[in-house]
Novice: 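Pasting a structure here, questions to come.
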Amino acid sequence: MTAVSKKKLREVALSEEEYKRVVELLDRQPNDVELGMIGVLWSEHCSYKTSRPLLRRLPSSGSRVLQGPGENAGAIDVGEGWAAVFKIESHNHPSAIEPYQGAATGVGGILRDVAAMGARPVAVLDSLRFGPLPESRRLFDGVVSGIGGYGNCVGVPTVGGEVYFEPAYAGNPIVNAMCLGLVPAARLRKARAEGVGNLLLLAGADTGRDGIHGASFASLELDDSSEERRPAVQVGNPFLEKCLIEALQELAESTAVIGIQDLGAAGLTSAVAEAASKAGSGALVDVAEVPRREQGMSPYEVMLSESQERMLLIVKRGRQAEVQKVLERWDLHSAVIGMVTGDGHLDVVEGREQVARLPVDVLTSLCPTRTLEAKPPDHSRYRLDLTEIREEPADPPATLLRLLAHPNLCSRRPILRQYDHMVGNATVVRPGGDAAMIRINGTQLGIAMTTDGSGRYCELDPYLGAQIAIAEAARNIAATGARPVAITDCLNFGSPDKPDVYWQLEETISGMANACRALDLPIVSGNVSLYNDTDGRSIYPTPVIGMVGVIDDYSKRLEAGFKEDGDFVLLVGVTANDLGGSHYLEVEHGVFAGRPPEVDLLQERAVLEFILATAAAGLLRSAHDVAEGGMLVALAECCLLSEKGMRGPPLSTGGDLRFDALLFGETQGRFVVSLPSRSMPEIQNLARKHRIEIQMLGMTGGDQLEFEGQFKVSLEEMKRAHQGGLG
Amino acid sequence: MKFGVVVFPGTWSDRDCGQVIEQVLGAEVRFLWHKDRDLQGCDCVILPGGFSYGDHLRCGALARFSPVMESVVTFAEHGGLVWGICNGFQVLCETGLLPGALIRNDVCEFRCEPVHLFVERADLIYTANLDRGAVLEVPISHGEGNYFADAATLSQIEQNGQVVFRYCQPDGLVVPAANPNGSLHNIAGIVNEAGNVLGMMPHPERCAEAELGGEDGLKLFNSVLDSMREVLVAS
Amino acid sequence: MVNYLATVVVTLKQVVNDPQGLTVRSGLRQLGFEEVDEVRVGKHIEVRLSAENEKAARARVSEMCRKLLANHVIEDVRFQVEQQDAQVGASR
Amino acid sequence: MVNYLATVVVTLKQVVNDPQGLTVRSGLRQLGFEEVDEVRVGKHIEVRLSAENEKAARARVSEMCRKLLANHVIEDVRFQVEQQDAQVGASR
Ligand SMILES: Nc1ncnc2c1ncn2[C@@H]1O[C@H](COP(=O)(O)OP(=O)(O)O)[C@@H](O)[C@H]1O
Ligand SMILES: [Mg+2]
């Protein structure tokens with residue numbers, strides 16, 4: 001029955017069954033333009049056809065949630081009438097091919113998602129994975145300067161992020177960008193094409209032949225033929241985007257603007273269909289009215305172009321002039337390209353000629369979902385027998401220095417200083433510690449933000465790994481004194497057509513759902529990036545958690561570095577023999593194996609509450625979570641951030657705790673805090689009340705990290721190791 | 001005393017300057033749109049940081065042709081205070097109100113980090129509250145802040161004492177290691193001969209509050225405010 | 001009116017340091033191109049314009065260079081102008 | 001070995017958006033150069049190198065273009081190579 005060639009179907013990335021379904025739904029064959037439109041919207045990237053059924057398991061509601069998944073970005077109430085709007089998104093495939101522009105346009109896209117909600121973007125974070133250095137140097141440098149290049153030019157500070165290097169990402173890097181914006185809650189916008197007769201106004205860049213089929217491209221594996229699809233990469237124009245954002249801010253209170261939708265993957269087709277679908281309306285688009293950058297573009301090309309820096313505004317009929325006046329003030333082109341209709345169809349015309357006519361729901365909600373086969377992978381290669389490994393590191397200071405110099409643990413300063421992290425005069429906790437914090441000018445409110453992923457742990461056990469990512473993000477937020485309140489996530493996986501990858505996806509989402517419920521953290525937005533494979537090999541399953549926290553009074557915020565000499569240093573939480581998947585095993589014994597640390601979610605919650613209570617009471621001078629590299633690395637980081645040493649009695653292990661696990665194990669639910677001695681009684685009280693174990697490690701001061709009679713490392717040596725790690 | 005802050009398309013330090021002037025300094029601020037010629041009676045015009053016109057072609061190259069700049073040039077020629085910060089400094093060089101040019105950082109990377117500034121001139125309206133030889137900690141945030149002038153111009157600037165700030169170590173030593181971008185003679189900021197037009201790459205508006213990590217920048221804003229009060233009272 | 005394509009080459013003056021050139025040079029050397037002695041990076045600007053005749057086109061382009069396309073404190077500029085077939089004209 | 005000067009011109013592919021060109025174009029128009037139709041901005045890279053002969057020089061420069069000087073995803077590249085007098089050789 002397929003009256004359409006296989007080649008054509010491949011071009012639009014539809015399967016034969018899907019094509020049959022299209023014909024059934026339409027009760028006719030689609031024409032070429034229609035087929036292209038359906039093809040992109042039914043791509044994994046736009047339709048979430050594989051992940052959608054699984055994503056429903058994630059909790060998305062809560063008392064602070066103003067907007068859950070389904071809009072351009074999620075939004076939460078952060079108090080005093082303010083909403084924080086945020087989302088994370090991947091740009092892995094474009095970045096693999098053109099690192100600078102791929103990463104830059106990734107930032108551009110996520111800024112537009114937030115701006116489309118009516119918010120002013122005020123912070124960007126990134127989460128990056130590459131293959132090992134030096135082979136990945138070009139990609140790494142290009143991506144970092146691309147992220148900085150876009151954010152710096154727009155004037156939104158890049159306040160945080162993370163980067164890891166693992167062979168699993170060598171062919172397929174991960175480039176995720178998160179943006180957070182602020183808006184008075186009453187002015188939150190939605191992407192709805194409401195009100196028959198209202199106008200569709202396209203604003204910003206002119207439309208060119210950029211990235212046609214970018215969405216389906218992102219849903220395909222990278223192979224040699226990617227070469228031919230290369231024009232899918234675009235050149236961003238952050239300058240134009242900055243003007244677009246300012247113009248939208250000027251229109252913030254305009255009642256002439258009914259809805260705003262950014263143009264991203266699948267361009268106009270997606271933007272118009274989504275906006276109409278959300279409003280239950282239809283739309284008519286005249287492609288002849290779309291301002292072009294190039295001559296001779298076909299309706300197909302106009303509808304599928306992914307030219308950057310464009311926005312669709314739904315404007316009250318008759319009031320377009322006042323909106324266009326604001327856009328012109330910013331030298332932005334705009335044009336009325338169509339209107340809202342009431343018949344549930346998306347009509348595309350070129351002048352008088354009908355080009356396409358499709359029911360909106362065929363483009364959006366009726367895309368068939370896919371449930372695939374799941375099968376756990378063979379994990380035998382990751383088996384670990386700790387009894388075969390000696391318990392005492394031969395030379396703890398040498399091991400510590402090697403860990404500090406490891407590209408995954410070393411100083412991120414060479415990256416951070418390429419990002420303007422201060423513009424906006426709001427960054428009250430700068431990047432480099434745990435979470436960053438910005439204040440809301442005119443209030444005492446502070447918003448803490450972090451991104452955390454856990455590909456290594458997820459490779460070993462996706463369920464546990466997912467929980468660890470969430471728990472670690474929550475600890476990073478709490479370490480600033482802010483309460484973790486909501487999440488945006490980006491799920492980076494290989495091809496779900498492989499049963500073991502689909503299994504990883506299922507397990508990860510279950511783990512996330514579980515941790516979110518236990519810690520009372522709704523997921524309000526997110527993104528899924530599948531088909532991260534090269535030559536048949538998948539990346540580690542990599543859920544990236546973007547978490548947001550709130551503190552009512554940012555003057556009570558904490559940072560990770562020690563503050564004063566003579567403060568007590570405590571370890572909060574219990575340590576177990578958690579060496580599975582640790583950086584220690586890798587650096588010291590060349591082993592990547594084992595089971596990741598268990599996350600006791602009840603205990604995790606208790607520790608978070610304890611830290612928040614002690615911070616709120618003003619008892620602490622610093623707080624830092626214990627993560628990769630374990631306790632000794634955490635202590636070294638506290639020293640390095642403050643250029644202060646620490647000195648304590650020799651460390652001893654009780655029960656069956658191994659000495660290497662005490663120093664370098666990655667047991668969850670732990671913090672290192674410092675406090676003035678007078679806080680001690682009160683801390684002990686609170687610890688008892690929250691049933692938290694605390695252990696005195698020593699006292700701040702001096703220029704070394706020392707355990708008397710056991711070992712010591714100088715600040716200078718640690719600094720040298722830490723600073724040189726990225727080469 | 002009224003500050004004017006110019007807004008070009010692509011400017012982003014306008015809001016930060018406005019916030020400092022209004023909320024920290026408690027002075028009056030007017031935003032001056034690039035398409036307008038009216039300086040609204042401002043006593044000091046700030047050309048703030050950002051990427052005017054995307055820094056396309058060259059930093060500051062296109063901004064200099066905007067209508068507001070015609071008025072700014074006239075204002076400066078009549079002794080008005082014109083203060084270029086970061087992109088504003090670049091615009092002033094392109095306009096010719098200040099000598100030299102700012103080229104790409106020698107490291108070929110954007111740099112956002114605190115630097116130390118050795119204060120060479122404490123007799124200007126901008127630095128009246130400082131002492132010569134004082135050291136300030138102020139952040140930079142630029143990709144093209146590498147000050148260049150040909151040998152003749154450079155020696156003239158030095159002879160005239162037009163260098164206001166040089167990159168230095170925390171102890172005040174002006175050494176190559178303290179130079180973040182390759183600027184000739186560690187130059188971070190210069191004035192015109194008359195002393196009314198100042199250009200500097202570092203961002204004083206970013207360190208005007210202890211909560212943001214320092215207050216050294218506020219000293220410059222206060223200098224302007226205090227000096228201008230005297231001038232205005234006297235006149 | 002006739003369509004012309006002007007190709008403008010803007011280079012940093014020899015006395016000006018060229019950080020970008022140095023970076024490219026060290027990049028090339030790291031890639032094994034040790035025979036590379038010096039690299040300088042400039043701009044190549046293509047301007048499509050219409051004019052009465054070639055002389056007029058040259059005059060206008062020369063003015064563009066003086067006013068905007070180059071900063072004479074740091075840059076040298078040169079250009080050439082060639083006539084274009086009418087139909088090759090730009091999009092708008 | 002002989003000294004050569006390679007002049008490499010890197011331009012954005014015609015289908016690729018050139019934000020810089022667009023801005024320069026509107027800048028020129030605002031300055032009164034209304035006859036300007038289109039502007040595109042690329043890079044002009046001068047590489048001084050030594051090689052056995054011109055053919056070898058060309059081969060090496062071509063490789064440099066492929067490996068570092070241009071990204072073929074979005075850019076086109078062309079170059080020419082000319083021999084240099086020994087004494088005009090590069091500065092270092
Ligand atoms: N992993 C996820 N978790 C929660 N929400 C998600 C996830 N992935 C996608 N979403 C939500 O689904 C919607 C569609 O996402 P996407 O297609 O990425 O949006 P856009 O095209 O506007 O960038 C958004 O509201 C997004 O927040
Ligand atoms: Mg969107």
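Just so it is clear: chains get the letters A, B, ... in the order the sequence lines come, proteins before strands, and each one is counted from 1.
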Novice: With side chains defined as the heavy atoms from C-beta onward, is the minimum distance between Met422(A) and Leu212(B) less than 4.5 Å?
Specialist: no
Novice: Indicate yes or no: at least one non-hydrogen side-chain atom of Asp331(A) is less than 4.5 angstrom from one of Lys35(B).
Specialist: yes
Novice: Below 4.5 Å, heavy atoms only, C-beta onward: do Asp420(A) and Arg206(B) meet side chain to side chain?
Specialist: yes
Novice: Need one label for Ser13(B): side chain, backbone, both or neither, based on atoms under 4.5 Å from any heavy atom in chain A.
Specialist: neither
Novice: Is Arg329(A) in contact with chain B via its backbone, its side chain, both, or neither, using a 4.5 Å heavy-atom distance?
Specialist: both
Novice: For a 4.5 angstrom cut-off between non-hydrogen side-chain atoms, does Tyr554(A) reach Glu211(B)?
Specialist: yes
Novice: Just do the salt bridge (Lys or Arg N to Asp or Glu O under 4.0 Å) check on Arg15(B) and Glu246(A) with the steps written out, would you?
Specialist: CA-CA 12 Å; Arg15(B) 293 159 54 81; Glu246(A) 294 300 335; 5.5 Å; no
Novice: Please look at Val144(A) and chain B and tell me whether the side chain, the backbone, both or neither of the residue comes under 4.5 angstrom of a heavy atom of that chain.
Specialist: neither
Novice: Which bit of His142(B) is near chain A, if near means a heavy-atom gap under 4.5 Å: side chain, backbone, both or neither?
Specialist: neither
Novice: Would you say the side chain of Pro9(B) lies within less than 4.5 Å of the side chain of Phe239(A), judging by non-hydrogen atoms?
Specialist: yes
Novice: What part of His203(B) lies closer than 4.5 angstrom to a heavy atom of chain A: side chain, backbone, both or neither?
Specialist: neither
Novice: Side chain, backbone, both or neither: which part of Thr427(A) has a non-hydrogen atom closer than 4.5 Å to chain B?
Specialist: backbone
Novice: Please check if atom CG in Asn129(B) has more than 12 non-hydrogen atoms from other residues, nucleotides or ligands closer than 6.0 Å.
Specialist: yes
Novice: Name the region of Cys153(A), side chain, backbone, both or neither, that has any atom closer than 4.5 Å to a heavy atom of chain B.
Specialist: both
Novice: Which answer fits Asn237(A), side chain, backbone, both or neither, if we ask what part of it has an atom under 4.5 Å from a heavy atom of chain B?
Specialist: side chain
